[in-house]
Amino acid sequence: MPAPTPARERHVYMVGAGLSCALGLPNTAALIADVLRAFDPEKPWRHGSGLDRLLSQAFEFFYPDGGNPDFRPDAVDFFTTLKSYIETSEGFPGGFKDAPELYRKLKFAIAHLLLERLRQCDARLRLGTHPYLKQLVQPGNIVVTSNWDVAVERYAHHKEVPVRFSGYDPGELVILKLHGSLDWTLCTP
């Protein structure tokens, strides 16, 4: 005889780019293009100076079609390529010497872009009229997300729903961020 089915007392939701895009945030594929559109070479922010030049050089270095001015690589492929290059080939003669600087500036630019876009949609999050978020952000629910942005957390904050990122408490919303979050930092001893 099969084991009894446990009671389903928790609702688990998988959230991805569709939610972010519905709120006006870019999906991963649009990140590089959106960063370049948002970047004003006349008024670069402190950490963004030279980002457009570094991206152009990296596209040419890593991709055969990278010299085309309209070329935009897939964001995931580009990040993987750039990070792998830094970890395995940095410092080789004839290599792309500015890879670590580009990686740092690009991470900052993406965080800056996501936070600016999140500010723009914050008024809608505060109103709480998004029906899916209203259903999703409830104490006891579990949200598994591949998004880096903090839209779910912001909505929970506005609705005064307590959030946790590990464990389970039926009085709190649990958010599991598969790819990390733009507000997380790496700590080393």
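Quantities reported herein were computed from a predicted structural model and do not represent experimental measurements.
To the nearest 0.5 Å, the span separating CG on Asn141 from OH on Tyr13 amounts to 5.0 Å. From Phe61, atom CZ reaches atom OH of Tyr85 across 4.0 Å, with rounding to the nearest 0.5 Å. Summarising the geometry, atom CG belonging to Asp52 is positioned 10.0 Å from atom CD belonging to Gln57; distances are rounded to the nearest 0.5 Å. If you take OG1 on Thr81 and CZ on Phe59, they are separated by 11.0 Å, rounding to the nearest 0.5 Å.
Closest of all the heavy-atom pairs between Val174 and Gly167 is CG2-O, 3.6 Å. Listed here is the closest heavy atom pair of Asn147 and Gly16: ND2-O, 2.9 Å. Here the closest non-hydrogen pair linking Asn27 and Cys21 is CB-SG, 3.6 Å. The minimum heavy-atom distance linking Phe78 with Leu102 is given by the pair CZ-CD2, 3.9 Å. Closest of all the heavy-atom pairs between Glu160 and Pro162 is O-CD, 3.6 Å. For the residue pair Phe96 and Leu54, the shortest heavy atom distance occurs at CZ-O, 3.8 Å.
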One pair to check against side-chain contact (heavy atoms from CB on, under 4.5 Å): Ile175 and Val144. What are the steps and the verdict? CA-CA 6 Å; Ile175 302 176; Val144 181; over 6 Å; no
Apply side-chain contact (heavy atoms from CB on, under 4.5 Å) to residues Leu82 and Phe62 and explain how you reach the verdict. CA-CA 8 Å; Leu82 184 60; Phe62 292 119; 4.0 Å; yes
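The aromatic rings of His130 and Tyr132 lie perpendicular to each other, with more than 60° between the two planes, well past the 30° mark.
Side-chain contact check for Val15 versus Leu136: some heavy-atom pair is nearer than 4.5 Å. Inter-residue side-chain proximity for Leu23 and Leu118 is flagged as unmet; no heavy-atom pair is nearer than 4.5 Å. The shortest side-chain heavy-atom distance between Leu19 and Val152 falls under the 4.5 Å cut-off. Counting only heavy atoms from C-beta outward, the side chains of Leu106 and Leu31 never approach each other to under 4.5 Å. Arg117 places a side-chain heavy atom less than 4.5 Å from the side chain of Asp34. Looking at heavy atoms from C-beta onward, Leu178 lies out of side-chain contact with Thr145 at the 4.5 angstrom threshold.
Residues passing the salt bridge (Lys or Arg N to Asp or Glu O under 4.0 Å) test with Lys97, sequence neighbours excluded: none.
A donor and an acceptor atom, one from each side chain of Tyr63 and Asn68, are nowhere located under 3.5 Å apart.
Under a 3.5 Å cut-off, the side chain of Asp98 and the backbone N or O of Glu101 do not form any donor-acceptor pair.
Residue pairs that meet the salt bridge (Lys or Arg N to Asp or Glu O under 4.0 Å) test with at least one member in residues 134-155, sequence neighbours left out, are Asp122-Arg154, Glu153-Lys177.
Both cation-pi conditions hold for Arg10 and Tyr168: the charged atom is under 6.0 angstrom from the six-membered ring centre and inside a 45 degree cone around its axis.
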